[in-house]
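Order of the sequence lines sets the chain letters (A, B, ...), proteins ahead of strands, with each chain counted from 1.
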Number of protein chains: 2
Amino acid sequence: MPNNQFKRGELYSVINGMASIAVARRLQKNFRQAGLEITIEQWSILYHLWKEDCLSQQELCVRTFRDKPSITRLIDNLEKQGLVNRHPSPTDRRINLVCLTEAARGLQELTLQLANQTMEEALTGIAKQDVEIVKKVLQQVYDNLK
Amino acid sequence: MPNNQFKRGELYSVINGMASIAVARRLQKNFRQAGLEITIEQWSILYHLWKEDCLSQQELCVRTFRDKPSITRLIDNLEKQGLVNRHPSPTDRRINLVCLTEAARGLQELTLQLANQTMEEALTGIAKQDVEIVKKVLQQVYDNLK
DNA sequence: GGCATATAGTTAGTTATGCAACTATTTTCA
DNA sequence: TGAAAATAGTTGCATAACTAACTATATGCC
């Protein structure tokens, strides 16, 4: 296999995203053990709303790297659980603004603490400068493909 | 937020697995453009069978980091497409051995070439030694959490 | 030998993703 | 101004993941 700088065995786990799947599973487990009912995907929506509340669904698509139907259904489920509400935009009738409820605001501190704890479990024994390199490389990969 | 060496903004994209999702989407797109009907998940099963044919479903669970129901359904779908067959193990009647068909063997060369091409697109402009660090760190993350 | 336990695989239910097609509204521009 | 194009969101269909509960077979051990 000429012109191929990557051996096969190395290819698989990168494509498979082993590491990020393992992190997501551990975070979900940590949520469950803390008695939290939400999924990681739902949490990722809340995460962006905690940073900036009342985003449009389109903006959530961009920030969470998901397509529109995925966001529609995540918001449906979050709305059922009473964690967000859709409010029509006053200036553009096509737009829903997705806003946090009080219940969702109450989850912020605990879930962010669990997320930080999970990342610490994941990164145990890894040098800080290596983490920096990983972040840089993964960002470059994303930019190469977007 | 004491005892936390990672700032919040950095957390999200790692958990989200942005980069590996982007790679998987691109690989799927490259398959589709080449006229291939299989999903990345189905391909990942074939990938392991090309390395060693006639594995048990349990062994595929281990090698692909999936649970048993996921493998059951992936094999169901691959069987429908005529790419694998289930053969009862001669020594243990609980076990199905999953074996490639001729049609599946015919996909090996093209799909591995597309996978390599996709990785080259993904890793454009990234130093070889940085790729090595990423692989090492992601393996460590996986080991920390498994 | 026979019961308890472990292992391999399947089924059912919920959530999530990707794609295509659709509705409603807004913007563009001839 | 008014038709075409762009944008925001939803719906339907297929695939895949996780959990829990289930069946069938094999193993361990008294």
Can you check the L74(A) CG to dT15(C) P distance for me, whole Å? 11 Å
At under 4.0 Å between heavy atoms, what does Q28(A) touch on the DNA or RNA strands: base, sugar-phosphate, or nothing? nothing
Expressed as a whole number of angstroms, how long is the span from K29(A):NZ to dA20(D):P? 13 Å
For the pair K128(A) and E132(A), evaluate salt bridge (Lys or Arg N to Asp or Glu O under 4.0 Å) and give the outcome as yes or no after the intermediate values. CA-CA 6 Å; K128(A) 235 174 158 171; E132(A) 291 307 311; over 6 Å; no
May I ask you to say what D67(A) touches in the nucleic acid, namely base, sugar-phosphate or nothing, with a heavy-atom cut-off under 4.0 Å? base
Whether Q58(A) contacts dA8(D) is assessed here as follows: a side-chain N or O lying under 4.0 Å from the phosphate OP1 or OP2. Is that the case? yes
With respect to the side chain of K68(B), which nucleotide from dT17(C), dA17(D), dG9(C) is positioned closest? dG9(C)
In whole Å, what is the span from the CZ atom of R66(A) to the C1' atom of dT10(D)? 18 Å
Give a yes or no answer on whether the side chain of S70(B) reaches the backbone of R66(B) with a donor-acceptor pair at less than 3.5 Å. no
Looking at dT19(D), I'd like to know if its phosphate oxygens (OP1 or OP2) sit under 4.0 Å from a side-chain N or O belonging to R32(A). yes
Kindly say whether R86(B) contributes a backbone atom to a donor-acceptor pair with the side chain of E79(B) at under 3.5 angstrom? yes
Just N and O in the side chain of T72(A): are any of them under 4.0 Å from OP1 or OP2 of dG9(D)? no
Would you indicate, yes or no, if dT10(D) has its OP1 or OP2 atom less than 4.0 angstrom from a side-chain nitrogen or oxygen of Q57(A)? yes
Please tell me if N96(A) has a side-chain N or O lying less than 4.0 Å from either OP1 or OP2 of dT10(D). yes
Per atom distances to the R94(B) side chain, the nearest of dT7(C), dT10(C), dA16(D) is dT7(C)
Assess whether atom CD of Q33(A) is packed by more than 12 heavy atoms of other residues, nucleotides or ligands within 6.0 Å. yes
What is the separation between atom CD on Q42(B) and atom P on dA17(D), rounded to the nearest whole Å? 10 Å
Base, sugar-phosphate, or nothing: which does I71(A) touch, judged by heavy atoms less than 4.0 Å apart? nothing
On DNA chain D, compare the nucleotides closest to R25(A) and S56(A); which residue's is nearer the 5' end? S56(A)
Please state how far atom CD1 in I45(A) lies from atom C1' in dT15(C), giving the value in whole angstrom units. 13 Å
Kindly say whether, by distance alone, the side chain of R93(A) makes a donor-acceptor pair under 3.5 Å with the base of dT25(C)? no
Distance-only, no hydrogens or angles: does the N116(A) side chain make a donor-acceptor pair with backbone N or O of L112(A) under 3.5 Å? yes
By nearest-heavy-atom nucleotide on DNA chain C, the more 5' of E59(B) and S70(A) is E59(B)
SB check D53(A) R105(A) (cutoff 4.0 Å): yes
With nearest nucleotide decided by heavy atoms, which residue, D76(A) or R73(B), maps closer to the 5′ end of DNA chain D? D76(A)
Please classify the nucleic acid contact of T39(A) as base, sugar-phosphate, or nothing, using heavy-atom distances under 4.0 Å. sugar-phosphate
If you only use heavy atoms from C-beta on, which nucleotide in dA20(D), dG12(D), dA16(D) is closest to the side chain of P69(B)? dA20(D)
dT10(D), OP1 or OP2 - any side-chain N/O from R86(A) closer than 4.0 Å? yes
